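Written out below as C-alpha cells is the structure these notes cover.
Whatever order the structure lists them in is the order used to number ligands and atoms, beginning at 1. Just so it is clear, the values below take in all heavy atoms, side chains as well, and ignore hydrogens, waters and symmetry mates. What you see is a predicted model; the values in this text were computed from it and never measured.
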Amino acid sequence: MAFVITELCRDEKAAVCLDVCPVNCIVLTDTQYVINPDICIDCGACELVCPVEAIYFEDDLPTEYNSATLLALNYFRN
Ligand code: SF4
C-alpha cells in the first residue's frame, strides 16, 4: 500500500511534496509527479502539504482517480 498522486497534480506540479518526503520516493514524469509505491512508507506528509489536494492514501482514493494507481505501478514496475 502507498500514497498516490492523482491527475489533479498535472496543472499544478507545485513540488512541495518533494520537500517533505522523508524517503525521496516522489519523481516527476512527463505529465505529473508520481510516488514510488515500493519505497513510500505511508507517512502522509505529502498529502498534508499538497496545495491542490491531489494526494490520497491508496485505500481512500476516490474511484474517479483509480488510474493514478496504475500510472505509478506502470512507471516504476515496468
Ligand atoms: Fe513520501 Fe510519506 Fe508521501 Fe510516501 S506518504 S510519498 S513516504 S511523503
A student checking ligand 1 against Val23 at a 4.0 Å heavy-atom cut-off should list atoms 7 (S)
What are the protein N/O/S atoms, named by residue and atom, that sit under 2.8 Å from atom 3 (Fe) of ligand 1?
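Cys46 SG, with waters left out.
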Side-chain heavy-atom pair [X], [Y] within 4.5 angstrom cut-off:
| X | Y | value |
| --- | --- | --- |
| Val4 | Phe57 | no |
| Cys17 | Cys50 | no |
| Thr29 | Val34 | yes |
| Thr69 | Leu73 | yes |
| Cys46 | Ile26 | yes |

Show every salt bridge (Lys or Arg N to Asp or Glu O under 4.0 Å) that has at least one partner inside residues 38-62, sequence neighbours left out.
Asp38-Arg77
